[in-house]
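Just so we're on the same page: letters track the sequence lines, and every chain starts at 1.
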Amino acid sequence: MKTIFDDIQQSVQQAFPSLFGCEVELHSITINETLKEFEGDITLVVFPLLKLSKKKPEETAEIIGKFLIENHASIASYNVIKGFLNLVLKDDFWISFITSTNKPTIPSKNETVLIEYSSPNTNKPIHLGHVRNNVLGYALAGIFKANGYPTIKANLINDRGIHICKSMLAWQKFGNGETPENAGMKGDKLVGKYYVEFDKHYKQEIENLIQQGKTKEEAEKQAPIFLEAQAMLLKWENGDQEIVDLWKRMNAWVYAGFEKTYKNLGVDFDKYYYESNTYLLGKDIVDEGLQKGVFYKKENGSVWIDLSADGLDEKLVLRADGTSVYITQDLGTADLKYKDFKMNRSIYVVGNEQDYHFKVLKLILQKLGRPYADGIQHYSYGMVDLPSGKMKSREGTVVDADDLMDDMIVAAKEQTEALGKIDDFSEEEKQALFKTIGLGALKFFLLRVDPKKRILFDPKESIDLHGYTGPFVQYTYARTRSILRKAIEIKTSETTQNFSNYQLHSTEKELIKTLYRYAIVLGDSCKEMNPAKLVDFAYELAKTFNKFYNDCPILAAQKEEEKYFRLLLNEQSGETIKKCFAIVGIDVPERM
RNA sequence: GGUCGCGUAGCUCAGGGGAUAGAGCAACUGCCUUCUAAGCAGUCGGUCGCACGUUCGAUUCGUGCCGCGAUCACCA
């Protein structure tokens, strides 16, 4: 979208030769929004132009200011303070932005974006770390979509491997036929329980072996239960019916559990990949790489790639026994994704602990000459810490996703009921509202921070509904809806109004300027792949709206045209908040 | 040790060559007979980790140092 900022920047560039006798590059024309403490809407910083203008800052600013006022219908006046040229736009410009019925639409792009996110292991339930991944992945996909990109959400489920066998084995040995049904437990929780159970026995056996004089490393490799798990994996890979049946049965439990959590969280996927289907695909690529001389084989038969020229190390791509490692599978899956979707960009939403892995993955695919390799991007986000420190599954300090959502909803319920504004709601309406608020708080809390940075999750703070929070923004939306309902009640919805002589109140103008930024922020949040930008904007809009709400009576406005204009602002503020939140996956209530 | 990331108010975070560095929380003060007070307005709070350098101008860019974290498996 072309903004007034772009407009002014371009016309200054075009006029520059006639004003100063030389060309100027677009990027040295610095245009900002004017700071609140100065008069004006747009500020041009002239310092970078002085070398070309060969004049003093004030003089340069004057020349440009005079030119703009003569050649730009939207500019009402200007003032110069030091090297800053502050431009005041006519109220007309802002008013017509609000009243114009044909808003510019975002053109659709023909660049397909595939976003892989979530990608859980089937041996443990989803926890807070995964919640950040899910919320971020969903929001990112929403942002690409809103910017016109065909977008595919993919989930690669890690459903095989030694770790899966561990929970299977523990269930087989100690489970006594326990099922989600007879235990009254979600399937993913049940399987997770047996993963922990395995670890308990494994540790005990290691302990015993060390007592018998083995070293720790020997003990870890020789513990009987570990050997059993390895044997089970081998059986699984050979298609042993009993093991495969058990695997299918337990995985079905997990999927049922995950689906429930996903549904609650409000995330979804267009495509599921399963590592059990893709883990063999990478082996062909290993052969191809050997033929092309990209990989090499060591004496023991293991296959490697030497990335030391690229500042990395040597990296194993196939084990000596011919079985796949993590990266082998990822190579295969990358090919499969391209076969399925021919995407231009392939984004992996994966924690920053895997930065190295994804560097290697991309580099290998580039060396193999894959057409999609350059479009691979690791969307690397920071870990989630608790006030007590890191989350560690082994130490039981993880925050479970289902419990977390329940807690948030309960907190929303308590605080909402205390205010007593929704006593006339039905039970279902209440439940829906508590969920909207609770999850809104949670998602906003996770999205408001720069994805690249690690996050400190303080439960107390996350449950807060005041200030820089999701519920604050939701509340503001509900306010706009409340006013709209009242306006309809008193039948003040005539639309044919002429605002050409309308005098903007300063708070109205501030609100319009904020609304004007929506399209810019939406584009930026996509370019920078940063949902926090959009979420923060929604907050700023809500804040500005609340100020407007306080300063400017809407339905009780003095003049009719004031009332109608403010109703327009009210409606557009609400709609914009709703759009922002919908893009990142946060619901918004009609009343709260 | 190598590589990568991060150090901004008591706490959680924005900002990212340009004017006097911003929000929220916490603490304190005002504002509901008037459109939802989950709100608004205000007070308090900063050597932008430290040092050099580049620049008309550095919290922002570069280098070094200090502190914190991640990663460097025939784990995923």
Side-chain angles (χ1 to χ4, degrees), chain A residues 30 32 34-38 43 45-48 50-51 57 81-84 86 119 121 123 158 161-163 275 298 300-304 311-313 315-327 329-330 350-357 359 380 382-383 385 387 390 412 415-416 418-419 421-422 437 441 445 448-450 452-458 460-462 464-476 478-487 490 532-533 536 539-540 542-543 545-557 563 566-567 570 591-592:
Chain A
T30 314
N32 297 325
T34 306
L35 299 185
K36 282 199 179 116
E37 52 268 42
F38 299 98
T43 295
V45 187
V46 301
F47 292 111
L50 299 182
K51 271 184 191 146
I81 300 171
K82 294 196 267 180
F84 300 92
N86 299 320
S119 304
N121 284 341
N123 62 348
N158 185 334
I162 187 77
H163 49 294
E275 283 197 2
K298 284 196 178 173
N300 67 1
S302 56
V303 181
W304 296 73
L312 305 175
D313 306 318
K315 189 81 191 169
L316 177 91
V317 293
L318 196 71
R319 290 194 190 101
D321 63 5
T323 57
S324 302
V325 288
Y326 182 36
I327 199 136
Q329 311 179 20
D330 270 3
V350 178
N352 64 9
E353 55 196 351
Q354 294 194 35
D355 284 356
Y356 184 79
H357 171 78
K359 255 185 211 166
S380 166
M383 299 288 101
D385 290 333
K390 280 188 214 171
Q415 298 188 52
T416 303
L419 293 175
K421 293 181 183 178
I422 55 152
I437 297 173
F445 190 86
R448 70 182 204 187
V449 180
D450 184 336
K452 291 191 288 293
K453 294 193 177 165
R454 55 191 311 129
I455 224 175
L456 184 78
F457 188 85
D458 185 343
K460 270 197 226 102
E461 202 185 322
S462 70
D464 194 355
L465 312 181
H466 305 262
Y468 191 19
T469 66
F472 169 90
V473 181
Q474 290 172 323
Y475 174 76
T476 308
R479 266 186 160 172
T480 68
R481 302 303 289 173
S482 170
I483 287 178
L484 214 59
R485 280 192 300 271
K486 287 228 163 78
I490 57 176
K533 281 264 152 83
D536 182 66
Y539 167 74
E540 272 182 45
K543 216 167 69 136
F545 177 82
N546 282 326
K547 191 180 172 192
F548 161 75
Y549 179 88
N550 234 262
D551 293 355
C552 304
I554 300 169
L555 297 172
K563 182 158 73 182
R566 287 174 184 174
L567 272 170
N570 175 71
R591 278 180 61 192
M592 71 185 271

Give Asp450(A) one of three labels, base, sugar-phosphate or nothing, depending on what nucleic acid heavy atoms sit under 4.0 Å from its own.
-> sugar-phosphate
For G7(B), take OP1 and OP2 only and decide whether either is under 4.0 Å from a side-chain N or O of Lys453(A).
-> yes
Selected nucleotide, minimal atom distance to Ser482(A) side chain, candidates C35(B), A38(B), G39(B) = C35(B)
For Lys452(A), report the nucleic acid contact type (base, sugar-phosphate, nothing); a contact means any heavy atom under 4.0 Å.
-> nothing
NZ of Lys51(A): more than 12 outside heavy atoms within 6.0 angstrom?
-> no
When rounded to whole Å, the CD to P distance for the pair Glu461(A) and C11(B) reads 12 Å
Counting side-chain heavy atoms from CB outward, which of G39(B), C35(B), G24(B) is closest to Asn550(A)?
-> G39(B)
Return yes if a side-chain donor-acceptor contact under 3.5 Å exists between Asp313(A) and Tyr356(A), otherwise no.
-> yes
Roughly how many Å is it from CZ in Phe545(A) to C1' in C35(B), rounded to a whole number?
-> 9 Å
So, Phe38(A) and A19(B): ring centres less than 5.5 Å apart, planes less than 30° off, yes or no?
-> yes
Residue Phe47(A), side-chain atoms from C-beta onward, closest of A19(B), A23(B), C56(B) = C56(B)
Spacing of Lys547(A) atom NZ relative to C35(B) atom P, expressed in whole Å | 21 Å
Which pair of non-hydrogen atoms, one from Leu555(A) and one from Lys486(A), has the smallest distance, and what is that distance?
-> CD1-CB, 3.6 Å
Which part of the nucleic acid does Gln354(A) contact within heavy-atom distance under 4.0 Å: base, sugar-phosphate only, or nothing?
-> base
P gap between G7(B) and C48(B), integer Å | 14 Å
Base orientation of C31(B), chi within 90° of 0 counted as syn, else anti, reads anti
With both distances under 3.5 angstrom, what nucleotide forms a Watson-Crick or G-U wobble pair with U33(B)?
-> none
For atom C1', what is the distance between G22(B) and U59(B), given to the nearest Å?
-> 13 Å
Ile483(A) side chain: which of C35(B), G39(B), C13(B) is closest?
-> C35(B)
Strictly under 6.0 Å, is that where the ring centroids of Phe548(A) and Phe545(A) end up?
-> yes
Nearest-angstrom distance, C1' atom, U8(B) to G45(B) | 14 Å
Is Asp330(A) touching bases, backbone alone, or none of the nucleic acid, heavy atoms closer than 4.0 Å?
-> nothing
Phosphate OP1/OP2 of A38(B) contacted by Tyr475(A) side-chain N/O (<4.0 Å) = yes
Can you tell me the pairing partner of G1(B) across any strand shown, Watson-Crick or G-U wobble, with both distances under 3.5 angstrom?
-> C72(B)
Watson-Crick or G-U wobble partner for C28(B), using a 3.5 Å limit on both distances?
-> G42(B)
OP1 or OP2 of A37(B) under 4.0 Å from side-chain N/O of Tyr549(A) = yes
Could you check which of U71(B), G24(B), U36(B) has an atom nearest any side-chain atom of Glu353(A)?
-> U71(B)
Check every strand shown and say whether Lys533(A) touches a base, only sugar-phosphate, or nothing at a heavy-atom separation below 4.0 Å.
-> sugar-phosphate
Shortest side-chain distance from Val45(A), nucleotide among C35(B), G24(B), G18(B) = G18(B)
Indicate whether OP1 or OP2 belonging to U36(B) is found under 4.0 Å from a side-chain N or O atom of Lys486(A).
-> yes
Met592(A) near the nucleic acid: base, sugar-phosphate alone, or nothing, with a heavy-atom cut-off under 4.0 Å?
-> base
Write down the distance separating the C1' atoms in C25(B) and A14(B), rounded off to the nearest Å.
-> 14 Å
Nucleotide paired to C6(B) in any strand shown, Watson-Crick or G-U, under 3.5 Å | G67(B)
pair_partner(C48(B)), Watson-Crick or wobble, both distances < 3.5 Å, evaluates to none
Once you round it to whole Å, what is the distance between P of A76(B) and CD1 of Ile162(A)?
-> 9 Å
Take the protein atom CD of Glu540(A) and the nucleotide atom P of A23(B), then report the distance between them rounded to whole Å.
-> 10 Å
Nearest to the side chain of Pro48(A) - G18(B), A14(B), G15(B)?
-> G18(B)
Look at His466(A) and G39(B) and indicate whether a side-chain polar atom (N or O) is within less than 4.0 Å of OP1 or OP2.
-> yes
Under the 3.5 Å rule, do the base of A19(B) and the side chain of Thr43(A) count as making a donor-acceptor pair?
-> yes
Which pair of heavy atoms, one from Lys563(A) and one from Ala557(A), lies closest together, and at what distance?
-> N-CB, 3.7 Å
Euclidean distance, atom CG of residue Asn32(A) to atom C1' of G15(B) [Å, nearest integer] = 12 Å
In whole Å, what is the span from the CD1 atom of Ile422(A) to the C1' atom of A38(B)?
-> 12 Å
Look at the side-chain N and O atoms of Arg479(A) and state whether any lies under 4.0 Å from the OP1 or OP2 oxygen of A38(B).
-> no
Checking A76(B), U12(B), G69(B) against the side chain of Arg454(A) (C-beta onward), the nearest is G69(B)
Across the strands shown, which category fits Phe472(A) at heavy-atom distances under 4.0 angstrom: base, sugar-phosphate, nothing?
-> sugar-phosphate
Smallest heavy-atom separation, Phe445(A) atom then Ser462(A) atom, equals CD1-CA, 3.6 Å
If you take all heavy atoms of Gly351(A) and Ser380(A), which pair is closest and at what distance?
-> C-OG, 4.4 Å
Could you check which nucleotide pairs with C56(B) in any of the strands shown, counting Watson-Crick or G-U wobble with both distances under 3.5 Å?
-> G18(B)
Of Leu456(A) and Lys298(A), whose closest RNA chain B nucleotide lies nearer the 5' terminus?
-> Leu456(A)
Please determine if a side-chain N or O atom of Arg319(A) lies less than 4.0 Å away from the OP1 or OP2 oxygen of C75(B).
-> yes
Paired with U12(B): which nucleotide, if any, by Watson-Crick or G-U wobble criteria at under 3.5 Å for both distances?
-> A23(B)
Contact class for Thr416(A) vs. all strands (heavy atom < 4.0 Å): base, sugar-phosphate, or nothing?
-> base
Between CG of Leu465(A) and P of U36(B) the distance, given in whole Å, is 20 Å
Do Asp450(A) and Lys452(A) meet the salt-bridge criterion of a basic N to acidic O distance under 4.0 Å?
-> yes
Between Tyr539(A) and Tyr468(A), how do the two ring planes meet: parallel, tilted or perpendicular, split at 30° and 60°?
-> tilted
Would you say the side-chain atoms of Asp464(A) and Thr469(A) include a donor-acceptor pair closer than 3.5 Å?
-> no
Hey, does Tyr356(A) reach any base, or is it just sugar-phosphate, or nothing, if we go heavy atoms under 4.0 Å?
-> sugar-phosphate
Shortest side-chain distance from Asp313(A), nucleotide among C35(B), C72(B), A76(B) = C72(B)
Does Asp464(A) get its side chain close enough to the base of A26(B), under 3.5 Å, for a donor-acceptor pair?
-> no
Nearest-Å distance once atom P is located in both U60(B) and C52(B) = 13 Å
Select one nucleotide: of A38(B), U71(B), A19(B), the one nearest the side-chain heavy atoms of Ile437(A).
-> A38(B)
In terms of the nearest nucleotide of RNA chain B, which residue is placed more toward the 5' end: Trp304(A) or Thr476(A)?
-> Thr476(A)
